[in-house]
Amino acid sequence: MYALVDCNNFYVSCERLFRPDLKGRPVVVLSNNDGCAVSRSQEAKDLGVAMGQPWFQLQELAKRHGIVAFSSNYALYADLSERVMSVLRDMAPRIEVYSIDESFLDIAGITEREQLGRQIRERVVRWVGIPVCVGIGATKTRAKLANHIAKKNLELAGVFDLEALPIEEQAAWLGRIGVGEVWGVGRKISRRLEALGVRSVADLQATNPETIRQQFGVTLARTVEELRGVACLDMEEVSPRKKQIMVSRSFGQPVRLLDELRQPLVSYAANAGVKLREEGSVTHAVMVFARTNPFRDKYPQYSASRLVPLVVPTQDSRAIIEAAVAGLNDLYRPGYLYQKVGVMLCDLSPAGVDQTDLFAKGDDERSQRLMATMDGLNRRMGRGAVFFAGQGIQRRWMVRSNLKSGAYTTKWAQLQVAHA
DNA sequence: TCTGGGGTCCTAGGACCC
DNA sequence: TCTGGGGTCCTAGGACCC
């Protein structure tokens with residue numbers, strides 16, 4: 001038996017925690033570059049603000065209704081997420097942190113399930129200040145659905161146990177929910193299903209998994225099994241080792257010259273190195289890509305990538321930067337307005353157990369000490385305390401982030417002040 | 001003017017081998 | 001007219017998730 005605990009409008013809830021005056025008002029949090037709305041308060045949803053809608057399209061609506069927008073403040077959200085999860089950790093024997101704002105709890109053997117759900121809600125809102133909903137089901141997929149129902153039906157007060165109901169009542173709920181709400185059914189698949197007359201969750205549950213497997217593949221067949229109460233997905237308490245690491249950003253303004261592309265690329269490559277060392281992995285290959293803005297289709301378009309294999313697997317940022325720059329030099333073509341570059345570390349393996357070639361040595365001790373020192377300084381003194389010269393000092397390509405709130409919980413200087 | 005940034009898994013099809 | 005068959009490995013691309 002699983003409980004899925006999901007924070008309500010998580011990023012917006014984080015912002016409101018420090019701006020209680022925004023309660024009851026339409027609020028959105030924007031993606032990088034203040035591009036799209038990625039989190040919306042209920043009031044903003046009610047005004048018709050869609051998930052992922054470009055902010056520039058919302059200007060009019062925002063002015064008319066006084067929508068308040070924030071740039072993303074990931075340091076704040078990550079910190080509050082950690083606090084929510086640590087409360088949850090004390091309330092169930094096993095927990096899988098599934099994303100920044102949701103966790104699965106294994107609640108096998110607990111009889112007072114709904115009561116536990118209510119306790120979770122109360123404790124998280126009291127101790128951290130973030131509202132959550134709890135969905136309970138026999139499988140992860142059913143718990144997800146139960147959570148969806150808890151969110152959409154205010155009379156349930158945020159907790160819904162699908163398994164506590166008799167079959168006919170379950171069927172009534174599932175018959176009213178569109179098939180696209182099922183975890184693992186996206187836009188494309190739901191359109192294909194609807195064309196076959198499978199419209200509601202109940203419809204999908206009633207289909208033969210074998211037929212689904214033939215027409216849609218094993219993934220959706222598993223989803224149907226899960227809907228029927230046959231658990232195919234287990235708890236993953238320890239997150240599996242990453243298979244790839246990507247760092248990329250869109251620019252605040254388009255960039256034309258190779259030199260200007262190189263600076264952000266070096267930054268991303270260095271950040272990828274930090275993530276790689278946090279994972280305790282080494283990389284065998286570096287992929288670089290660059291592209292123009294596909295939305296500006298009146299300008300010439302270009303998109304290219306290069307995979308640069310490394311003779312010696314490494315976790316040294318300098319080697320990653322070198323490979324990335326070599327790839328960029330190779331793929332760069334003049335005459336385009338570039339909007340984005342990125343670095344991907346592919347083909348990762350655990351550090352220290354590598355089969356290297358007889359004559360090639362892995363990172364030597366000096367390299368490891370240098371990287372550890374850099375990471376340590378940046379951890380203690382703040383990101384960017386030390387960096388590579390190639391990252392540049394005047395960063396014209398920096399992303400836009402004009403509406404960002406303070407680092408209320410992670411920087412002494414920006415602590416919230418309470419007035420007596 | 002202005003359209004996010006990560007990830008995972010699965011499948012199809014080509015290259016290559018015997 | 002007729003042009004093997006089966007296996008593996010790799011890559012690209014699609015679909016999904018948050």
Side-chain angles (χ1 to χ4, degrees), chain A residues 4 6-11 28-40 49-60 62 69-74 77-78 81 96-104 140-141 144 147-148 179-193 212-223 232-233 236 239-254 264 268 271-272 275 279 285 287 289 291-299 303 305 307 309 337 339-348 399-403:
Chain A
L4 177 68
D6 192 319
C7 302
N8 302 350
N9 317 324
F10 181 55
Y11 294 175
V28 298
V29 172
L30 305 175
S31 63
N32 271 324
N33 261 322
D34 297 342
C36 307
V38 291
S39 179
R40 308 153 292 153
V49 177
M51 181 65 180
Q53 194 169 2
W55 177 230
F56 75 90
Q57 287 176 4
L58 292 166
Q59 295 300 317
E60 182 99 347
F70 289 91
S71 302
S72 295
N73 186 346
Y74 293 112
Y77 313 148
S81 170
E96 172 187 342
V97 177
Y98 177 69
S99 77
I100 192 163
D101 72 336
E102 57 189 297
S103 276
F104 288 101
K140 284 176 153 185
T141 304
K144 274 273 209 186
N147 191 284
H148 172 81
V179 75
E181 300 297 339
V182 174
W183 191 33
V185 179
R187 244 198 11 255
K188 281 271 165 53
I189 289 178
S190 74
R191 241 184 282 151
R192 280 175 62 198
L193 284 170
I212 291 289
R213 196 192 59 76
Q214 284 162 15
Q215 292 191 40
F216 293 86
V218 296
T219 316
L220 193 64
R222 273 202 290 263
T223 296
C232 304
L233 305 170
E236 290 180 11
S239 46
R241 192 176 281 275
K242 279 199 175 61
K243 296 178 174 167
Q244 50 182 241
I245 288 171
M246 169 139 93
V247 180
S248 81
R249 296 280 181 284
S250 299
F251 303 136
Q253 44 188 305
Y268 306 159
N271 287 344
K275 290 189 185 184
E279 275 284 303
M287 207 268 277
F289 67 90
R291 66 164 170 80
T292 53
N293 184 343
F295 290 103
R296 302 184 67 171
D297 48 15
K298 296 204 175 62
Y299 293 87
S303 168
S305 69
L307 183 67
L337 290 169
Q339 185 226 8
K340 190 178 199 174
V341 292
V343 175
M344 199 157 104
L345 309 181
C346 323
D347 196 6
L348 309 186
V399 298
R400 272 189 304 275
S401 184
N402 299 323
L403 310 165

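By convention in this document, chain letters (A, B, ...) are assigned in the order of the sequence lines, proteins followed by strands, and residues within each chain are numbered from 1.
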Taking all non-hydrogen atoms of both residues into account, name the closest pair between [X] and [Y] and its distance.
X        : Y        : result
A:Ala37  : A:Val49  : CB-CG1, 4.1 Å
A:Ile212 : A:Leu193 : CD1-CD2, 4.3 Å
A:Arg249 : A:Lys340 : O-CG, 3.3 Å

Check: When you match A:Pro54 and A:Arg241 each to their closest nucleotide on DNA chain B, which lands nearer the 5' end?
Finding: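 Here A:Pro54 is the residue nearer the 5' end.
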Notebook entry, point to check: How do A:Lys243 and A:Lys275 order along DNA chain B: which one's closest nucleotide is nearer the 5' end?
Noted result: A:Lys275
Within the 4.0 Å heavy-atom criterion, would you say [X] contacts the bases, only the backbone, or no part of the nucleic acid?
X        : result
A:Gln59  : nothing
A:Ile189 : sugar-phosphate
A:Val182 : sugar-phosphate
A:Asn32  : sugar-phosphate
A:Arg192 : nothing
A:Asp34  : nothing
A:Arg296 : sugar-phosphate
A:Ile245 : sugar-phosphate

Next item on the list: Determine, step by step, whether A:Phe70 and A:Ser39 satisfy the side-chain contact (heavy atoms from CB on, under 4.5 Å) criterion, reporting the C-alpha distance in whole Å, the side-chain angles of both residues, the deciding distance to 0.1 Å, and the verdict.
Entry: CA-CA 10 Å; A:Phe70 289 91; A:Ser39 179; over 6 Å; no
Margin query: Counting neighbours of OH on A:Tyr74 that are heavy atoms of other residues, nucleotides or ligands and sit closer than 6.0 Å, is the number greater than 12?
Written below: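 Above 12, so yes.
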Margin query: Contact between A:Gln339 and A:Pro294 at the side-chain level, heavy atoms closer than 4.5 Å - yes or no?
Written below: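 The answer is yes, as the side chains (C-beta and beyond) meet within the 4.5 Å cut-off.
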Checklist line | Within-4.5 Å side-chain heavy-atom neighbours: A:Thr292 and A:Ser303 | finding: no
Next item on the list: Check every nucleotide of DNA chain B for an atom under 4.0 Å from a heavy-atom of chain A, then give the first and the last such nucleotide from 5' to 3'.
Entry: B:dC2 to B:dT11
Item checked: Integer angstrom distance from the P of C:dC18 to that of B:dT3 -> 25 Å
Under 3.5 Å, which donor-acceptor pairs do the side chains of residues 51-60 of chain A form with other protein atoms, sequence neighbours left out?
| unit_1 | atom_1 | unit_2 | atom_2 | d |
| --- | --- | --- | --- | --- |
| A:Gln53 | OE1 | A:Ala50 | N | 2.9 |
| A:Gln59 | NE2 | A:Trp55 | O | 3.2 |

Item checked: DNA chain C: stems of at least 3 consecutive Watson-Crick or G-U pairs whose donor-acceptor distances fall under 3.5 Å -> B:5-18 with C:5-18
Checklist line | A:Tyr77 and A:Tyr11 aromatic ring geometry - parallel, tilted or perpendicular at 30°/60° bounds | finding: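 The rings of A:Tyr11 and A:Tyr77 lie parallel, inter-plane angle below 30°.
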